[in-house]
Number of protein chains: 2
Amino acid sequence: MADSRKDRKGAVTIHDVARRAGVSPMTVSRVMNEAPGVKDATRKTVQDAVEALGYAPNAAARSLARQGGGRIGLLYSNPSAGYLSEFLVGALDGAQKTGALLLIEKCDPNPESERAAVGRLIAGGASGVILPPPHGESYAALSELKDGEVAVVAVAAGRFRSDASAVRIDDFAAAAEMTRHLLELGHRRIGFIKGASNQTASAERLLGFETEMRAAEPAATALIEAGEFTYRSGLEAAERLLSARRPPTAIFASNDDMAAGVLTAAHRKGLDVPGALTVVGFDDTSIATAVWPELTTVRQPVAEMAEAAVRILSDDIRGRGQARSDAPVDRLVTHTLVVRDSCGPAPTAD
Amino acid sequence: MADSRKDRKGAVTIHDVARRAGVSPMTVSRVMNEAPGVKDATRKTVQDAVEALGYAPNAAARSLARQGGGRIGLLYSNPSAGYLSEFLVGALDGAQKTGALLLIEKCDPNPESERAAVGRLIAGGASGVILPPPHGESYAALSELKDGEVAVVAVAAGRFRSDASAVRIDDFAAAAEMTRHLLELGHRRIGFIKGASNQTASAERLLGFETEMRAAEPAATALIEAGEFTYRSGLEAAERLLSARRPPTAIFASNDDMAAGVLTAAHRKGLDVPGALTVVGFDDTSIATAVWPELTTVRQPVAEMAEAAVRILSDDIRGRGQARSDAPVDRLVTHTLVVRDSCGPAPTAD
DNA sequence: GTCGTTTCTGTTAGCGGTAACATCAAAGGG
DNA sequence: CCCTTTGATGTTACCGCTAACAGAAACGAC
């Protein structure tokens with residue numbers, strides 16, 4: 001019973017593991033970092049010891065020993081509600097696992113502010129920076145970062161660019177998939193609300209929608225309105241759409257905030273959702289389940305993406321010196337169509 | 001010319017500062033930590049050097065040297081959208097400054113899950129845990145934590161309890177203030193939507209509202225409905241309120257999500273906000289500005305509160321051993337009434 | 001003037017890891 | 001059979017900072 005006694009300080013160190021496994025701390029370190037040159041048998045022994053003791057490397061010590069081996073900056077402004085929290089959770093998780101230190105810095109979505117924030121990040125010693133939307137496509141941020149010789153990962157940017165790594169979903173395919181879903185429900189007049197024009201993801205989503213609509217059989221009609229990714233722009237676009245002579249039976253908004261706006265517009269008009277109007281969003285942010293009825297939407301694994309971004313940078317930073325990692329990574333992660341209560345079959349009354 | 005040479009690694013260390021100030025690193029450390037026993041003149045010299053070099057302590061090293069100077073756990077479930085991100089940002093900031101390590105752990109808002117999550121936190125070596133709402137009032141979490149001899153800070157719990165420190169605003173006063181604002185706008189029939197009954201903050205807010213209403217001059221009528229802090233419950237409560245024979249001219253929802261629901265209900269009824277109905281919320285989460293019109297609400301400095309929570313724990317953990325800190329802290333932070341577009345004078349038509 | 005005291009400042013050691021090099025055994029090569 | 005070569009591990013030193021203690025002035029008091 002006096003076995004797994006680790007009492008007070010939850011501090012299981014690498015030495016404890018080493019002792020139990022009968023190896024040196026260095027070997028344990030190697031195993032933890034998946035370094036090559038450890039015999040399989042030894043690796044196994046160590047892993048067992050790690051598990052038995054519930055060892056988790058001390059991020060602070062690791063970061064210290066690795067010589068600033070990873071200070072990763074994270075620029076954020078005010079992406080649609082709930083996005084950031086999930087993003088942070090993922091990033092934090094990744095940071096913990098890779099032993100990187102996260103520096104987070106807020107900025108407004110304008111070049112001036114971005115430049116300043118990037119400056120602070122660099123001053124803080126960041127050797128890599130993560131750019132969640134919409135900064136991943138900001139020239140100001142990108143160029144400033146390039147000057148600083150800092151590795152960059154853009155998250156959820158619609159298209160891949162050669163000067164930064166990317167973690168994203170296939171916006172085109174996702175939008176197409178959603179459109180197909182609507183078509184399968186029988187909708188033939190479908191409204192689409194575009195996203196902000198400064199993000200390539202908007203264009204990709206529109207393209208996915210249009211492509212699928214054109215391929216629809218029997219033919220379907222697309223009604224396209226502009227939007228800005230905000231609740232209000234969604235509401236207004238929906239009002240335009242719904243006051244048309246022949247309004248759509250379904251509206252596909254390029255993000256959840258706008259879809260929430262559509263919901264409000266529908267309610268205002270006394271339209272039942274999903275009875276009289278189907279509404280779908282994109283992103284699966286928390287507003288998707290905060291509103292009623294809950295939104296059918298496309299889920300981006302935000303946390304996972306953030307974690308991936310941290311990993312990419314962490315690896316890149318560590319690998320520095322050898323193969324000057326000139327080749328940016330383009331990691332595509334899988335999205336999911338989440339069907340909730342806001343969509344239904346097209347009303348039969350034609 | 002070989003002067004301010006700090007080149008490549010943006011790494012200004014405590015030694016650099018020490019050299020420039022002509023003192024030992026230890027003295028610099030003391031200055032940075034506001035430790036007593038440093039001559040004013042010396043302190044000044046050091047501070048100048050710090051400024052000149054742009055020195056910022058290395059969090060990793062600090063945390064390491066302080067001996068696990070703090071592994072702080074953070075339990076989160078799914079508080080209303082946007083709350084968590086702001087909270088995390090604050091907590092992260094605090095962690096950075098105090099050199100604490102943040103362990104975050106997700107759970108569902110039920111005893112089972114809370115207990116498990118707390119367990120993981122303790123296993124991870126947390127010596128203090130932060131409980132954002134609604135966990136700050138969960139018996140399961142609190143008792144589990146107590147058994148583990150872990151310091152606890154409950155954030156935004158409505159009332160202070162003797163077994164945990166607290167960081168919160170004065171919900172009573174804030175609600176009273178908001179009510180006064182509505183009264184001053186001339187409203188005399190005011191609807192109030194209560195928050196979830198498992199949080200004492202709900203009761204405090206109600207109390208603040210009622211107290212002020214009773215004191216109103218000329219007399220005012222309060223119409224109170226139950227709510228659950230969710231969008232949907234707000235929408236439903238508002239529908240009950242607005243379909244009354246004599247509906248209120250203003251509705252005060254206990255949080256922003258519910259206020260957003262009220263907005264939808266109003267739109268659905270064709271009521272202009274704020275022309276025909278004034279709607280106000282509470283918390284100033286991101287949904288407050290995502291909807292339209294933007295909500296008048298009470299701002300809680302969430303980030304600041306999270307940072308304070310980290311600080312309290314960090315101090316407590318460091319101070320361990322000497323004065324066994326048996327006395328929990330009760331830190332009240334100041335809220336602000338944020339007036340936006342969703343409120344206006346009472347309609348004159350009586 | 002000598003000896004506490006008090007007040008400031010410097011030294012030493014070590015937090016938990018890891019880079020870089022040293023070591024040592026087994027494997028080939030001539 | 002000796003000498004590389006290779007692969008698997010152990011050693012040493014140090015990352016940047018801070019406890020804990022040691023030392024050095026400054027100041028009275030006797």
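Chain identifiers are assigned alphabetically (A, B, ...) following the order of the sequence lines, protein sequences preceding nucleic acid strands; residue numbering begins at 1 within each chain.
What separates CG of B:Leu64 from P of C:dC15 is a distance of 9 Å, to the nearest Å. As a whole-Å value, the separation of A:Ile14 CD1 from D:dG10 C1' is 13 Å. One can place NE2 of A:His15 at 12 Å from P of C:dG14, the figure rounded to the nearest angstrom. Straight-line distance from the CZ atom of A:Arg62 to the C1' atom of C:dT18: 10 Å, rounded to whole Å. The nearest whole Å value for the distance from the CG atom in A:Asp16 to the P atom in C:dG17 is 9 Å. If you take CZ of A:Arg19 and P of D:dG10, they are 14 Å apart, rounded to a whole angstrom. A straight line from OH of B:Tyr55 to P of D:dG16 spans 10 Å, rounded to a whole angstrom.
A search for salt bridge (charged side-chain N to carboxylate O under 4.0 Å, His left out) contacts involving A:Arg161 returns A:Asp163, not counting sequence neighbours. Annotation: salt bridge (charged side-chain N to carboxylate O under 4.0 Å, His left out) contacts of B:Arg331 (sequence neighbours excluded): none. Shown here are the side chain to side chain donor-acceptor pair (under 3.5 Å) partners of A:Lys39, two or more places apart in sequence or in another chain: there are none. Applying the side chain to side chain donor-acceptor pair (under 3.5 Å) criterion to B:Lys146, with sequence neighbours excluded, gives no partner residue. Under the side chain to side chain contact (heavy atoms under 4.5 Å, CB included) criterion, B:Ser113 pairs with B:Cys107, B:Asp108, B:Asn110, sequence neighbours left out. Residues that satisfy the side chain to side chain contact (heavy atoms under 4.5 Å, CB included) test with B:Ser138, not counting sequence neighbours, are B:Glu114, B:Ala140, B:Ala141. Residues passing the side chain to side chain contact (heavy atoms under 4.5 Å, CB included) test with B:Ser143 are B:Arg115, B:Tyr139, sequence neighbours excluded. In terms of the side chain to side chain donor-acceptor pair (under 3.5 Å) criterion, B:Arg43 has no residue partners (sequence neighbours excluded). In terms of the side chain to side chain donor-acceptor pair (under 3.5 Å) criterion, A:Arg30 has no residue partners (sequence neighbours excluded).
Annotation: proximity of residues 35-47 of chain A to DNA chain D (heavy atom, distance under 4.0 Å) is found for A:Gly37, A:Val38, A:Lys39, A:Thr42, numbered in ascending order. A heavy-atom distance below 4.0 Å to DNA chain C is reached by these residues of residues 24-32 of chain A, ordered by number: A:Met26, A:Ser29.
Note on the helix from C:dG1-D:dC30 to C:dG30-D:dC1: angle between the axes of the first and last five pairs equals 60°, rounded to 10 degrees.
One finds no salt bridge joining B:Asp48 and B:Arg20 here, because no Lys/Arg side-chain nitrogen approaches an Asp/Glu carboxylate oxygen to under 4.0 Å.
Annotation: the span from A:Asp93 atom CG to A:Glu307 atom CD amounts to 5.0 Å, rounded to 0.5 Å.
Within the structure, every side-chain polar atom (N or O) of A:Asn58 is placed at least 4.0 Å from both OP1 and OP2 of C:dC15.
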